[in-house]
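This report refers to the structure that appears directly beneath it.
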Amino acid sequence: MSSSFSQSVVSWYDLHGRKNLPWQGGNPYHVWLSEIMLQQTQVVKVLDYFQRFIKSIPNLKELAAADEQQVMALWSGLGYYNRARNLHRTAQICVEQHQGELPADLTALMALPGIGRSTAAAILSLAYEQAEPIMDGNVKRVFARHFLVAGEPNKSATLKRFWQLAEQHRETARPAAYTQGLMDLGATLCTKHKPQCDRCPVSNSCQALASDVVAAYPQKKKPVRAREVELHCLLFERGGQLALLQRTSKGIWASMWFLPTFDSQQALSEVTTSARKIFTLTHRLTHRLLQIHVYLANDWEVDEPVDWVSRQQLVKWPHPKALNHILEQHDNH
DNA sequence: AAATCGGGGCT
DNA sequence: AGCCCAGATTT
């Protein structure tokens, strides 16, 4: 039984929702890939990456068989690189355990790496028309206002309340239209700034609007101080080619190619005697403020596998944006 | 329950 | 300079 809230959202979606996003159409592979790319990443940013990805790797079985480096390269610049590794692993698990398909089951989906409850529900509702509720930033904002949910959105108590409300307002008749409509509502009308309540299909039952406190919901999360980290990087070129090392599978820039990096200048001095600092640049990540000290050297005692890469080849070596920034800075010197 | 994982676009 | 974004995972 669907609620009147959900039915109003569906009716609004039919008139005003987004229907031309490239991952719409119910293809489970497309839905899944887009959901992973869209985790903490804006739609406009994802559009190009999505098109490039499905053009290069058009289905789940080809993804399972693809080279991890190719997958990582297609992800270069999107951030949160563990998403790409998990995507690849999940494709392989689906081939081994689920007949090459994404399972149409909440528990089975959530058991796959990189798929939590919300992404699993998005796949189930958008691709398989199952009435599973999602819970992303848009939905949290709509719910916080409409149902007057206080507390910081990502606190466990607040999250629990959001999910409870979501379960109470499932849409059984048209799950895909409801899921998409709820997100579209948050993205186009129930926006953070200047929400257009006069056009909202559920404004008559919105508790925040009734109390004229829409702007105060959802509650702001307290800002977290980014910790400062110093990195000492070696810019080592030989015959027009740059030395790159692959980073570990954990931590910042997981599995990406980057300059040889050391925790201290002393550690750097143990592999080269000629290192000379040429500049320092700051690079901001969400929870880190990186001070990247860049050095040039004539000698280098290498004890790890190095790839020598020309500037033209660099696009094929999955690397974070920070590497581009360093090279631009170097060119300007 | 809190910390950890990027990067960009907006104000 | 914050703030936020179609969150998941680890500690």
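So you know, we letter chains A, B, ... as the sequences are listed, proteins then strands, and number each from 1. As the structure is a computational prediction, the values presented were derived from the model and not from experiment. As a basis for the values below, the full set of heavy atoms in this structure was taken, side chains included, without hydrogen atoms, waters or symmetry mates.
In this structure, the side-chain contact (heavy atoms from CB on, under 4.5 Å) partners of A:Q40, at least two apart in sequence or on a different chain, are A:Y80.
One can place NZ of A:K221 at 15 Å from C1' of B:dA1, the figure rounded to the nearest angstrom. Going from atom CG of A:L109 over to atom P of C:dG7 covers 17 Å, rounded to whole Å. A:M110 has its CE atom 8 Å from the P atom of C:dA8, to the nearest Å. One atom, CZ of A:R18, and another, P of C:dA6, lie 8 Å apart when rounded to the nearest Å. In this structure, CD1 of A:I326 is placed 11 Å from P of B:dG7, rounded to the nearest angstrom. Rounding to whole angstrom units, CG of residue A:N138 and P of C:dG7 are separated by 7 Å. A:L289 places its CG atom 14 Å from the C1' atom of B:dG7, with the value rounded to the nearest Å. When the C1' atom of B:dG7 is taken as reference, atom CD of A:Q40 falls 11 Å away, rounded to whole Å.
Atom C1' of B:dT11 sits at a distance of 22 Å from the matching atom of C:dA6, rounded to the whole Å. C:dA8 and B:dG8 are spaced 23 Å apart, taking the P atom of each and rounding to whole Å. Taking atom C1' in both B:dC5 and C:dC5, the straight-line distance is 15 Å, to the nearest Å.
Looking at the side chain of A:Q180, the nearest of the listed nucleotides B:dC5, C:dA6, B:dG7 is C:dA6. Nearest to the side-chain atoms of A:K220 among the listed nucleotides C:dC4, B:dC5, C:dA6 stands C:dC4. With distances taken from any side-chain atom of A:Y81 to the nucleotides C:dA8, C:dA6, B:dG7, the minimum falls on B:dG7. Of the candidate nucleotides C:dC5, C:dC3, C:dA8, C:dA8 has the atom nearest to the side chain of A:T119. Nearest to the side chain of A:P223, among B:dC5, C:dC3, C:dA8, sits C:dC3. Considering only side-chain atoms of A:W253, the nucleotide from C:dA8, C:dA6, B:dG7 that sits closest is B:dG7.
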Using a cutoff of under 3.5 Å, can you pull out all pairs of nitrogen or oxygen atoms linking the protein to nucleotides 8-11 of chain B, with atom names and distances?
residue : atom : partner : partner atom : Å
B:dG8   : OP1  : A:K321  : NZ           : 2.5
B:dG8   : N2   : A:Q42   : NE2          : 3.4

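Residues from residues 157-166 of chain A lying near DNA chain C, meaning a heavy-atom separation below 4.0 Å, are absent.
Looking at heavy-atom distances under 4.0 Å, A:W75 makes no contact with the nucleic acid at all. Counting non-hydrogen atoms under 4.0 angstrom, A:T41 reaches a base of the nucleic acid. A:R85 comes within contact range of no nucleotide atom at all, as no heavy-atom separation falls under 4.0 Å. Heavy atoms of A:I36 sit nowhere under 4.0 angstrom from any nucleic acid atom. Within the 4.0 angstrom heavy-atom criterion, no nucleotide atom of any strand lies near A:L33. Among the protein residues, A:R288 comes within range of the sugar-phosphate backbone only, with heavy atoms under 4.0 Å from sugar or phosphate atoms but none that close to a base. Within the 4.0 angstrom heavy-atom criterion, only backbone atoms of the sugar-phosphate kind lie near A:R227; the bases stay farther away. Residue A:T179 is classed as having no contact, given no heavy-atom separation below 4.0 Å to the nucleic acid. A:V43 comes within contact range of at least one nucleobase, with a heavy-atom separation under 4.0 Å. A:I134 comes within contact range of no nucleotide atom at all, as no heavy-atom separation falls under 4.0 Å.
Of the two residues contacting DNA chain B, namely A:K155 and A:L285, the nearest-nucleotide position lying further toward the 5' end is that of A:K155. Heavy-atom distances to DNA chain C give each of A:S34 and A:K250 a nearest nucleotide, and the one nearer the 5′ end belongs to A:S34. When the nearest nucleotides of DNA chain C are assigned to A:Q24 and A:R284 by heavy-atom distance, the more 5′-ward of the two goes with A:R284.
Between A:V271 and A:F262 the shortest side-chain heavy-atom distance falls below 4.5 Å. Proximity of A:W300 to A:V306: side-chain heavy atoms (C-beta onward) are separated by under 4.5 Å at one or more points. Taking the side chain as every heavy atom from C-beta outward, A:L235 and A:H330 approach each other to under 4.5 Å. You'll find the side chain of A:F236 stays beyond 4.5 Å of the side chain of A:L242, heavy atoms only. Counting heavy atoms from C-beta on, the side chains of A:L285 and A:L290 come closer than 4.5 Å.
Ring geometry, A:F162 versus A:F143: the interplanar angle falls from 30° to 60°, so the pair is classed tilted.
Counting non-hydrogen atoms of neighbouring residues, nucleotides and ligands closer than 6.0 angstrom, the NZ atom of A:K61 reaches no more than 12 such neighbours.
No single ILVMFWY cluster, assembled from side-chain heavy atoms under 4.5 Å apart, contains both A:V213 and A:V149.
No side-chain N or O of A:H232 forms a donor-acceptor pair with one of A:T261 less than 3.5 Å apart.
For the pair A:D212 (side chain) and A:A208 (backbone), a donor-acceptor distance under 3.5 Å is absent.
Ring centroids of A:H319 and A:F258 are separated by 6.0 Å or more, keeping the two rings apart.
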